[in-house]
J.: 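This is the structure I have questions about; it appears just below.
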Amino acid sequence: MTITAESALAGVQKIIATYAQNIDSGNTDVVADLFTEDGVAEIEGQGTFEGRETIRKVYGQFSPQAPQLHLVGNTVLTSEPGEEVTATSNLVFFARGEEGWGVQLVGTYEDTAVLVDGEWKFRRRVTKFL
């Protein structure tokens, strides 16, 4: 199977969007399953979490208490296409409070994604805040 830049980018964008929608809905199992078994989630100021089950437990603690929305865009591949790729994306996180929606943080995702049985998974996801 030949992996083109377009197919790799589409695969990475799919897991990024699935991550954003499910973290906002509190679907921790779906979020954790987007990582490889030995995947790593590094969140600036929170820590580095290794392994899918650890990621599942940690993200369970982040379940939304109020409506929230992760908007992720400007995703670009930062490596040549292959069975492993790196990408960077911009992130804006909104939460709805008593006075309406407001920006809570702005940052970036730096992702390493790999093909596992024909599906893209995060091997490493680094969240940095600006």
Side-chain angles (χ1 to χ4, degrees):
M1 172 173 139
T2 301
I3 300 169
T4 65
E6 292 79 15
S7 67
L9 181 59
V12 170
Q13 287 175 322
K14 180 180 177 183
I15 60 172
I16 290 170
T18 301
Y19 173 98
Q21 290 189 6
N22 283 280
I23 198 167
D24 290 336
S25 301
N27 295 326
T28 307
D29 289 335
V30 173
V31 171
D33 289 343
L34 293 170
F35 286 83
T36 60
E37 285 289 337
D38 61 348
V40 175
E42 182 180 334
I43 305 170
E44 186 175 68
Q46 299 291 320
T48 300
F49 311 102
E50 297 183 29
R52 185 182 290 157
E53 291 312 310
T54 299
I55 291 168
R56 187 182 319 279
K57 289 176 188 171
V58 168
Y59 277 78
Q61 298 170 9
F62 299 150
S63 289
Q65 303 302 308
Q68 65 180 41
L69 181 66
H70 285 75
L71 292 181
V72 184
N74 301 327
T75 301
V76 295
L77 294 182
T78 54
S79 67
E80 293 298 317
E83 291 189 10
E84 177 176 297
V85 295
T86 57
T88 189
S89 305
N90 294 332
L91 157 71
V92 180
F93 174 68
F94 295 87
R96 189 171 73 196
E98 292 180 17
E99 297 184 23
W101 288 94
V103 174
Q104 302 301 302
L105 59 88
V106 175
T108 61
Y109 289 124
E110 294 175 6
D111 295 314
T112 302
V114 295
L115 269 177
V116 177
D117 297 327
E119 291 187 42
W120 288 98
K121 302 275 184 185
F122 295 118
R123 173 170 281 155
R124 183 174 196 90
R125 172 157 256 221
V126 177
T127 307
K128 296 181 178 181
F129 304 111
L130 303 176

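Positions are given from 1, in the same order as the sequence printed here.
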J.: Show your reasoning for whether side chain to side chain contact (heavy atoms under 4.5 Å, CB included) applies to Tyr59 and Ile43.
T.: CA-CA 11 Å; Tyr59 277 78; Ile43 305 170; 3.8 Å; yes
J.: Kindly work out whether a path of hydrophobic side-chain contacts (I/L/V/M/F/W/Y, heavy atoms less than 4.5 Å apart) joins Val116 to Val12.
T.: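 No: no chain of side-chain contacts under 4.5 Å links Val116 to Val12.
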J.: Indicate the atoms forming the closest heavy-atom contact of Pro64 with Gly26, along with that distance.
T.: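 Heavy-atom minimum between the residues: CD-CA, 3.6 Å.
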J.: Mind checking the OG1-CD1 spacing from Thr36 to Ile55? Nearest 0.5 Å is all I need.
T.: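 Output value for this atom pair is 7.5 Å.
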J.: Can you tell me how the ring of Phe93 sits relative to the ring of His70, calling it parallel under 30°, perpendicular over 60° and tilted otherwise?
T.: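 Tilted.
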J.: Spell out, yes or no, whether Ile15 and Val30 are grouped together once hydrophobic residues are joined by side-chain heavy atoms under 4.5 Å, including indirect joins.
T.: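 No, no single cluster joins them.
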J.: When you measure from the centre of the six-membered ring of Phe35, is the NZ or CZ of Arg123 under 6.0 Å away and within 45° of the axis?
T.: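 The answer is no, since Arg123 fails at least one limit relative to Phe35.
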J.: Compute whether any side-chain donor of one residue and acceptor of the other, for Thr86 and Thr78, lie under 3.5 angstrom apart.
T.: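 Yes, side-chain donor-acceptor contact under 3.5 Å.
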J.: To the nearest 0.5 Å, tell me how far Glu50 CD sits from Glu37 CD.
T.: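 Between atom CD of Glu50 and atom CD of Glu37 there are 14.0 Å.
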J.: Apply the test salt bridge (Lys or Arg N to Asp or Glu O under 4.0 Å) to residues Arg52 and Asp38: give CA-CA distance (whole Å), side-chain angles for both, the deciding distance (0.1 Å), then the verdict.
T.: CA-CA 6 Å; Arg52 185 182 290 157; Asp38 61 348; over 6 Å; no
J.: Please determine if Glu42 and Arg125 form a salt bridge, counting it only when a charged side-chain N lies under 4.0 Å from a carboxylate O.
T.: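 No, no charged N to carboxylate O under 4.0 Å.
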J.: Under a 4.5 Å side-chain heavy-atom rule over Ile, Leu, Val, Met, Phe, Trp and Tyr, are Val92 and Tyr19 clustered together?
T.: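 No; tracing contacts between hydrophobic side chains, which count when under 4.5 Å, never links both residues.
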J.: Let me check something: do Leu71 and Leu130 share a hydrophobic cluster, defined by ILVMFWY side-chain heavy atoms less than 4.5 Å apart, either directly or through other members?
T.: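 Same hydrophobic cluster.
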J.: Please answer whether the main-chain N or O of Gly102 pairs with a side-chain N or O of Gln104 as donor and acceptor at a distance below 3.5 Å.
T.: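 Yes, because the side chain of Gln104 sits within donor-acceptor range (under 3.5 Å) of the backbone of Gly102.
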J.: Out of Thr88, Asp111, Val85, which one pairs with Leu77 under the side-chain contact (heavy atoms from CB on, under 4.5 Å) rule?
T.: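 Among the candidates, only Val85 passes.
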J.: When rounded to the nearest 0.5 angstrom, what is the spacing between CD in Gln68 and CG in Asp24?
T.: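 That separation rounds to 4.5 Å.
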J.: Evaluate side chain to side chain contact (heavy atoms under 4.5 Å, CB included) for Ser89 paired with Ile16, printing each intermediate quantity in order.
T.: CA-CA 9 Å; Ser89 305; Ile16 290 170; 3.6 Å; yes
J.: With distance as the sole test, does Gln65 use its side chain to make a donor-acceptor pair with the main-chain N or O of Ser63 at under 3.5 Å?
T.: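 Side chain of Gln65 to backbone of Ser63, a donor-acceptor pair under 3.5 Å: yes, one is there.
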J.: Working to the nearest 0.5 Å, report the span between CG of Asn74 and OG1 of Thr108.
T.: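 Separation between the atoms: 11.5 Å.
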J.: When you measure from the side chain of Glu44 to the backbone of Thr127, do you find a donor-acceptor pair of N or O atoms at a distance under 3.5 Å?
T.: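 Absent.
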J.: Working to the nearest 0.5 angstrom, can you tell me the gap between Thr28 OG1 and Gln61 CD?
T.: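 Those atoms lie 10.0 Å apart.
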J.: Are the side chain of Lys14 and the backbone N or O of Trp120 linked by a donor-acceptor pair below 3.5 Å?
T.: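 Judged by distance alone, no pair lies under 3.5 Å.
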J.: Taking the side chain as everything from C-beta on, heavy atoms only, tell me whether Asn90 gets closer than 4.5 Å to Tyr109.
T.: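 Not touching, per the 4.5 Å side-chain cut-off.
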J.: Given side chain to side chain contact (heavy atoms under 4.5 Å, CB included), test Val72 with Gln13 step by step and report yes or no.
T.: CA-CA 9 Å; Val72 184; Gln13 287 175 322; over 6 Å; no
J.: May I ask you to test the Pro67-Phe94 pair for a side-chain heavy-atom distance under 4.5 Å?
T.: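 Side chain of Pro67 against side chain of Phe94, heavy atoms only: no contact under 4.5 Å found.
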J.: Is Phe122 reachable from Phe62 through a run of I, L, V, M, F, W or Y residues, each pair having side-chain heavy atoms under 4.5 Å apart?
T.: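 Linked, Phe62 and Phe122 end up in one cluster.
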J.: For the pair Thr48 and Val40, evaluate side chain to side chain contact (heavy atoms under 4.5 Å, CB included) and give the outcome as yes or no after the intermediate values.
T.: CA-CA 7 Å; Thr48 300; Val40 175; 3.6 Å; yes
J.: Quick check: are there more than 12 heavy atoms from other residues, nucleotides or ligands sitting under 6.0 Å from CD of Glu80?
T.: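 Atom CD in Glu80 is not crowded, with 12 or fewer foreign heavy atoms closer than 6.0 Å.
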J.: Quick one: does Pro81's side chain get under 4.5 Å of Ile3's, heavy atoms only?
T.: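 Yes - at least one pair of side-chain heavy atoms lies under 4.5 Å apart.
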